[in-house]
Amino acid sequence: MTDLLLHDSAARTKRRFVPIDPTHVRMYVCGPTVYDLAHLGNARPVVVFDVLARLLRRLYPKVTYVRNITDVDDKINARSRESGEPIAIITARTTADFHRDMAALGALPPDVEPRATGHIAEMIALIERLIANGHAYAADGHVLFSVPSFAEYGRLSGRSPDELVAGARVDVAPYKRDAGDFVLWKPSDADTPGWDSPWGRGRPGWHIECSAMSWKHLGEEFDIHGGGHDLIFPHHENEVAQSVCAFPGHAFAQYWMHNGMLLVDGEKMSKSLGNFRTVRDILSEGAWAGEAFRLLLLRTHYRAALDFTIDGLREAKAELDDHYAMLSRAPATQGGPLAGQLAEWVIAPLLDDLNTPLALGRLRDLRTLENTVTVGGSPAVVLERTGLSEPPAPGVAAAAFREAASILGIGAGDPAAWRQGGEDATMIEAAIAARLAARASRNFGEADRIRDELKTQGILLEDGPGGTTWRRA
RNA sequence: GGUCCGGUGGCCGAGUGGUCAGGCAAGGGUCUGCAAAACCCUCUACAGCGGUUCGAUUCCGCUCCGGACCUCCA
C-alpha cells in the first residue's frame with residue numbers, strides 16, 4: 001500500500017501517517033457550538049474530514065471518527081437571554097438542523113457524536129487531575145490553567161509565551177496568576193446553566209470539553225485531531241495543554257490537521273458585511289445544491305483559502321450534470337481488476353495530503369474515457385494520461401468512477417433522479433412524442449416550437465441515436 | 001507590530017529545476033434537419049525585483065498584494 005501523507009500543523013510539514021494502532025485509527029474533529037444554523041464556513045471541516053474518514057476506512061480495518069456537539073457555551077446562553085427560548089430547545093433544534101444540513105452535503109455521520117453536557121463529570125475529573133498535577137488552580141470561584149506550568153505551551157501554534165503576553169489585548173482578570181492563564185471552570189449565577197462541582201456551582205470553560213470528550217471516546221492518545229484553522233489558537237493550543245498535563249507521558253493527538261478558511265466573494269464572511277450565508281441558504285437553490293456545494297468545497301485543496309461565489313456553485317453543478325449524464329449512459333458492470341486499477345489512479349492523489357482537486361481532475365478523465373467508448377470519440381488523450389494501451393469495455397471506466405467518487409462522496413445519487421427528478425415525466429414524454437411525429441413529417445418548425453416550449457419550462461431535449469432523452473436544466 | 005499561509009493564463013485550480021495538468025468560458029471542427037450532448041483541435045500562464053544554476057514558474061532573499069491567528073470569544 002502506498003503511504004498516506006498528511007500535513008501536520010504541529011510539524012508544519014507533511015508527514016507519513018503511521019497510526020498508533022494500525023488495526024484501529026482514531027480521529028477527533030471539533031464540531032459545532034449549537035446556537036445557530038450552520039454557515040458555509042462550518043461546512044468545510046465537516047466535508048473535508050468526511051473525505052478523510054472515508055479514505056481512512058478504505059485503508060484501515062477500523063476507524064473511529066468522533067465529532068462533538070458543544071451544547072454548553074456562553075453564546076448559547078446569550079442567545080437564550082435574547083430570545084427567551086429555553087437553552088435545551090435551542091440546542092436540540094440547532095443540533096437537528098445541523099444534522100439535516102450536513103446530511104444534505106453528503107457527509108456521513110461520525111461514529112460517535114458526544115455532547116458536552118453529557119461529559120461534565122469527565123471535565124471535572126480532568127480539572128481535578130490538572131490541579132493535582134500542579135497545572136491548575138482555583139481562584140475566586142474559577143479554576144484556571146497555569147500556562148507557565150507547561151513548558152511546551154505555544155508549540156502547536158508556533159508562539160512563545162512571551163509573545164502571547166505581549167499580544168494580550170484584553171484586561172487581565174485579577175484572579176489570574178499569569179496573564180496567559182485560561183479558564184477551565186467558571187461560576188454560574190442562578191440564571192445561568194451550572195453543575196455542582198468541587199468549586200461550587202459552575203460551568204466549563206471553552207476548551208475543556210474537547211479534552212474531556214476525546215479522552216472519553218478515544219483515550220489519552222489518538223491519531224488525528226482536526227478542525228478549522230482559526231481554532232489552532234487558542235482552542236487547540238489549550239486542548240493540548242490540558243490533555244498532556246492531565247496525562248503526562250501521553251502526546252495527545254499525533255497529527256493536527258486544519259482546514260483553511262472560507263471567504264465569500266473575496267471577503268471574510270460576516271453579518272456586518274452582508275455576505276453571511278448559511279448552508280440552508282445554499283440548499284434552497286435546488287435539490288442539486290447540497291452535492292454541488294460539496295463538490296465546490298473539494299475543488300479547492302483543504303488547506304487553502306476558499307472563495308465561495310455563486311458562479312463557482314453553478315460551475316460545480318454543471319460538472320455534476322456531466323458526471324451524471326455519463327453515469328446514466330454507461331452500462332452497469334461489475335468493473336473487474338481494470339476498474340479497480342483506474343479507481344486507484346484517481347484516489348492516489350488523496351494519499352498525498354488529500355489532494356482532492358487533482359483527484360477530481362482524474363475523475364473527469366474517467367468520465368471522458370467512458371464517454372469515448374459509450375458515446376463515441378477518440379480516447380487517445382485520456383488513454384495517454386491514464387496509462388492504458390487500449391480503451392476499456394463500456395461500463396468499466398464508469399465502474400471505476402463510481403468507486404473513486406464514493407471516497408469523495410459525490411456521484412452516488414441516482415442519475416435519473418439527478419437529471420429528471422421532480423418533473424412530470426408523463427407530460428414531457430407526450431411532448432417528445434408529439435415532436436417526434438412532427439419531425440417524422442419533416443415539420444421542423446413545429447418540432448422546434450415544442451422543444452423551445454419545453455426549454456422555457458427548464459427541460460432540455462437531447463436527440464441521440466437511441467432516441468430523444470430529456471433532463472432538467 | 002508579531003507569527004503563519006498564499007499569490008499560476010478571462011475565471012477556477014493541480015504540479016514540476018529542463019518535452020502536457022485538468023475544468024469552465026471563448027473560437028474552430030466531427031456529428032445533427034437544426035440544436036443539444038459527446039468527442040477532437042486552438043487559447044502556453046506561473047505577482048515584481050534580485051540571487052543560485054548550463055537552465056527557475058519550481059530553490060534563496062527582498063518588495064508588493066491577499067488571507068488566518070495574536071486568550072476566556074465568534
Side-chain angles (χ1 to χ4, degrees), chain A residues 7 9 12 33 35-36 39 41-42 73-75 78 142 144-145 147 154 157-160 162-173 176 179-184 186 205-207 228-238 258 260-263 266-271 296 299-301 303-307 309 311-312 314-316 318-319 321-322 325-326 329 349 352 355-365 367-382 384-385 439 442-445 447-448 451-452 455 460-465 468-471:
Chain A
H7 181 93
S9 303
R12 287 161 189 69
T33 299
Y35 71 103
D36 206 348
H39 63 241
N42 297 136
D73 183 278
D74 285 351
K75 288 188 294 293
H142 296 67
L144 293 114
F145 184 91
V147 166
S157 56
R159 294 155 209 276
S160 73
D162 292 346
E163 289 169 14
L164 296 174
V165 173
R169 59 182 178 184
V170 183
D171 293 340
V172 178
K176 284 189 182 182
D181 294 351
F182 58 90
V183 171
L184 299 170
K186 52 191 167 186
W206 175 25
H207 318 291
H229 192 260
D230 56 339
L231 294 179
I232 291 180
F233 190 89
H235 185 53
H236 289 160
E237 190 72 56
N238 291 356
H258 293 97
M261 295 295 97
L262 183 143
L263 309 174
E267 293 181 298
K268 185 176 178 176
M269 188 166 54
S270 76
K271 284 175 179 166
L296 170 66
R299 278 158 59 111
T300 298
H301 184 83
R303 283 192 287 117
L306 164 58
D307 187 14
T309 62
D311 283 348
R314 298 258 157 73
E315 196 177 309
E319 179 170 352
D321 284 343
D322 292 345
M326 178 275 288
R329 285 187 296 253
D352 182 11
N355 191 341
T356 53
L358 185 55
L360 287 167
R362 292 185 175 188
L363 209 49
R364 290 182 204 112
D365 273 345
R367 182 184 76 203
T368 300
L369 194 56
E370 183 63 47
N371 282 337
T372 60
V373 294
T374 53
V375 182
S378 166
V381 174
V382 279
E384 187 180 338
R385 277 202 294 272
R439 289 179 71 200
R442 302 196 63 80
N443 185 354
F444 296 120
D448 290 348
R451 186 171 63 197
D452 291 344
K455 191 177 179 182
L460 302 178
L461 299 189
E462 296 169 358
D463 296 329
T468 299
T469 57
W470 63 276
R471 66 181 177 94

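As the structure is a computational prediction, the values presented were derived from the model and not from experiment. Below, read A as the first sequence line, B as the second, and so on, with proteins coming before strands; counting in each chain starts at 1.
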Short side-chain N/O contact from [X] to OP1 or OP2 of [N], under 4.0 Å:
X	N	answer
A:T300	B:G13	yes
A:T309	B:C11	no
A:N355	B:A14	no
A:R385	B:A21	no

Can you tell me the distance, in whole Å, between the [atom1] atom of [X] and the [atom2] atom of [N]?
X	N	atom1	atom2	answer
A:F233	B:C70	CZ	C1'	7 Å
A:L360	B:G15	CG	C1'	16 Å
A:Y35	B:A74	OH	P	7 Å
A:D448	B:A35	CG	P	10 Å
A:R299	B:G13	CZ	C1'	8 Å

>> Taking only the C1' atom of each, what is the distance from B:A14 to B:U8 in whole angstrom?
In response: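 Roughly 10 Å separates the two C1' atoms.
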
> What is the base-pairing partner of B:A26, counting Watson-Crick and G-U wobble geometry with both distances under 3.5 Å?
Replying inline: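 In the structure as shown, B:A26 has B:U42 as its Watson-Crick or wobble partner.
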
> Angle class for the A:F182/A:H207 ring planes (parallel below 30°, perpendicular above 60°, tilted otherwise)?
Replying inline: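 Perpendicular, since the angle between the ring planes exceeds 60°.
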
>> Whether the side chain of A:R451 and the base of B:A36 hold a donor-acceptor pair under 3.5 Å is what I'd like checked.
In response: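 Not at all, since no donor on one side and acceptor on the other fall under 3.5 Å apart.
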
Closest listed nucleotide, where the reference is the side chain of [X] and the choices are [options]:
X	options	answer
A:T372	B:G33, B:A38, B:C39	B:C39
A:R439	B:C34, B:C69, B:C39	B:C34
A:F444	B:A36, B:A68, B:G33	B:G33
A:R364	B:C70, B:G67, B:G22	B:G22

>> Any salt bridge linking A:R364 with A:E319? Criterion: basic side-chain nitrogen under 4.0 Å from a carboxylate oxygen.
In response: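 Judged by the 4.0 Å cut-off on N to carboxylate O distance, A:R364 and A:E319 do form a salt bridge.
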
> A:H258 and side-chain contact (heavy atoms from CB on, under 4.5 Å): which partner among A:H236, A:H7, A:R303?
Replying inline: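 Running side-chain contact (heavy atoms from CB on, under 4.5 Å) over A:H236, A:H7, A:R303 with A:H258 returns exactly one hit, A:H236.
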
